Amino acid sequence: MLLSATVIEGVAQKVTVTEPEFVNSYCILTSDSTYSILPKESGTIGKHQNKVKKWGKLLGGAASIAGAAGGIIGIHSAASGSLSGAMTGVRMTGTALSVGSAADAVSGLAGSAGMDIVFSGGHSRYVTNNTGQDVRLLVKGNNNATDPMDCYRIVRFSTSKKERRIQWMEFEPSLIGSEDTKKAGYVPFEGHKYGEQSYILTIPASEIEKGEYGIFYMSIITATAIPVGTFSVE
């Protein structure tokens, strides 16, 4: 344990960048002392198209959503393909629950109905090369008192020429890195505090492959916006 703590501290001490100016910024470290700000895109809920098995055993929160104001409406509308109905359900639920619970509600609604979160365009505007090294993301929140594994998800999208997709689902942080979540497009990472309000999220080099990636901060998902920092790996 002492050795592990020493290693983590040593890694943190190597990075010397200033924290991003704005809360909810997504950045990628280009060296220990520089970073680039990632483009922030907003997704929409669409019919599930990824050819993967059903992930019912990973989903959580659907039962609690059904009992919340608007939850049943949202689930039913999403299942029937009504985007406006799904968003109405999320909005109603969000008014009755905390921000964190509202994020859980979005996860449950999309996942339980087998829905994808969809981003227009086949590629992110930010492109980086696979150098065989870890990818380190710097993100700034209101504070860094919460375990980042509880509130962030990094995904590898299913892509076409016109769009990028990920089937949204809710699962315990302990499942990050499992074969099931990796096959579903959820990328393993490690997260540590940085500075006063930020985190450094590290994707191991062994998990990096060519493709389109996104990072979600679940607590700012709302009924009208699903903001994601995106990047491409070539």
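Note: hydrogens, waters and symmetry copies are ignored here, and every other heavy atom, side chains too, is used. Since the model is a prediction, treat every value here as computed from it, not as a measurement.
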**Message:** Quiz question: by atom type and distance under 3.5 Å, do the side chains of E212 and S232 form a donor-acceptor pair?
**Reply:**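 The answer is yes; a qualifying pair exists.
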**Item:** Y35 six-ring face occupied by R136 cation (under 6.0 Å, within 45°)
**Value:**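 No - R136 does not lie over the ring of Y35 by the 6.0 Å and 45° rule.
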**Message:** Please list all pairs meeting ring-ring contact (aromatic ring centres under 6.0 Å, His included) that have one or both residues in residues 126-162, counting only residues at least two apart or in different chains.
**Reply:**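 For residues 126-162: F119-F157, Y152-Y199, Y152-Y217.
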**Message:** According to side-chain contact (heavy atoms from CB on, under 4.5 Å), who are the partners of D147, at least two apart in sequence or on a separate chain?
**Reply:**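 Result, side-chain contact (heavy atoms from CB on, under 4.5 Å) vs D147: M149, D150.
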**Message:** Checking N143 now: which residues fulfil side-chain contact (heavy atoms from CB on, under 4.5 Å) with it, not counting sequence neighbours?
**Reply:**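 Partners of N143 under the side-chain contact (heavy atoms from CB on, under 4.5 Å) test: A145.
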Is there a donor-acceptor pair closer than 3.5 Å between any side-chain N or O of [X] and the backbone N or O of [Y]?
X: R164; Y: S120; answer: yes
X: E234; Y: N129; answer: no
X: Q167; Y: D116; answer: no

**Asked** Pick from K193, E19, K140, H192: which one makes a side chain to side chain donor-acceptor pair (under 3.5 Å) with S198?
**Response**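 Of the listed options, the one satisfying the test is E19.
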How close do [X] and [Y] get, counting heavy atoms only, and between which atoms?
X: I117; Y: G43; result: CG2-CA, 4.2 Å
X: F216; Y: V228; result: CE2-CG2, 3.3 Å
X: L201; Y: P148; result: CD2-CB, 3.8 Å

**Item:** Stepwise salt bridge (charged side-chain N to carboxylate O under 4.0 Å, His left out) test for E207 and R156
**Value:** CA-CA 10 Å; E207 301 294 340; R156 183 181 300 111; 5.2 Å; no
**Request:** Would you indicate whether I37, at its atom CD1, is surrounded by more than 12 heavy atoms from other residues, nucleotides or ligands within a distance under 6.0 Å?
**Result:**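 No, because the 6.0 Å sphere around CD1 of I37 holds 12 heavy atoms or fewer from other groups.
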